[in-house]
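In listed order, ligands and their atoms are each counted from 1. Numbers here simply count residues along the sequence, with the first being 1.
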Amino acid sequence: MSRHEIVVDLGSRSYPIIVGRGVSRELSDHLPPTARRAVIITQDGLPSVELSSIPSTTIRIGRGEEHKNLATIESLSREFASFGLTRNDVIIGVGGGMVTDVAGFAASAWHRGTAVVHVATSLLAMVDAAIGGKTGVNIPEGKNLVGAFWQPSAVLCDLDHLESLPESETRCGLGEIAKYHFISGQDLLGFDLDARVAACARIKADIVAQDEREGGRRALLNYGHTLAHAIETVGRHSVAHGEAVAMGLVFAAHLAHRLGRIDGDRVALHENVVGGTYGLATRPTEVFAIDDLMSVIARDKKATSGLTFVLDSERGLEVVNDIEPSTVAETLRGYLIA
Ligand code: GLY
């Protein structure tokens, strides 16, 4: 397996994503030179990282989306204060997407912005969540509704950490990789693991570099996410994020078809890639009320004008605004019972 280095090119805020076996041992090389101390934010049961270059303390946050909230940010901030963490120091997020989102948001707010380095330990975090600078926490009204754009100083994707990953976590990562399949048109499962993770990181890095604040192209990274967030919120996270994204990709294809944007073969391709090639569930097994899903979809952050989805077309993926709620609801009805 090779070591890959991908740069997220954001001028003075550019940063490397390092992919390979054992790369978390490089952590000290990626800390800001001003850092005199570090807070490591992680969870029980995750791989630990060695940091001998500067004094550090480790804080473990709760597992599960119910801990991804403002109470966790307050409690972390109070621990930063007791440790004497300053804006010249560094926060290190070691974990999956929940840890990197929370650590990133805590870093964005601590002393109005403190450096953060992510050591991604899940497939989903390596290919998506740790990269791109969107950080945040949930409130009962929806996922990630409170947050900030705050880019990390480096992202380390140590493939050794994937060896002990539970099967369900691998499925979550595959949901996001399936998304990149449709964004890039590449058969990413045909690559070796290191090249596959690096290819996904490169797709994301390139899009973030072109559109950091999601004024345009970056919104394509939300492919599959509108229904996914609704399934996660209504189901109280009984369906994990990446698995919900896989379902959202298939639903988006059905909606694009209903709107006359793609033909039936393209819908079948989505069903086959997600359900066959990637071996993921294309629909929830739990019964969801359409009205409940619709009310979360209407609150989606992307919905600046009517209902908004990223949808496929002959020209590729596009953000489509002002979709009639009744069209979405009818498509949902057909999709859920198929
Ligand atoms: N943290 C995920 C992103 O920026 O897209």
Quick one: do Lys204 and Asp128 make a salt bridge, cutoff under 4.0 Å?
yes
Mind checking whether Thr100 has a heavy atom under 4.0 Å from ligand 1?
no
Quick one: do His241 and His229 satisfy ring-ring contact (aromatic ring centres under 6.0 Å, His included)? Show the steps, please.
CA-CA 8 Å; His241 178 66; His229 284 167; 5.8 Å; yes
Within a strict 4.5 Å, meaning less than it, do heavy atoms of the Ile183 and Ile207 side chains meet?
yes
Options Ala129, Gly133, Gly97, ranked by nearest heavy atom to atom 2 (C) of ligand 1, top entry
Ala129
Tell me which part of Arg218 gets within contact of ligand 1: side chain, backbone, both or neither, using heavy atoms under 4.0 Å.
side chain
Please determine, by modelled atom types, if Gln210 and Arg217 share a side-chain donor-acceptor pair under 3.5 angstrom.
yes
Which atoms of ligand 1 sit under 4.0 Å from any heavy atom of [X]?
{"X": "Ile131", "result": "1 (N), 2 (C), 3 (C), 4 (O), 5 (O)"}
{"X": "Asp101", "result": "1 (N)"}
{"X": "Lys204", "result": "2 (C), 3 (C), 4 (O), 5 (O)"}

Given salt bridge (Lys or Arg N to Asp or Glu O under 4.0 Å), test Asp44 with Arg60 step by step and report yes or no.
CA-CA 6 Å; Asp44 280 338; Arg60 290 187 170 74; 3.5 Å; yes
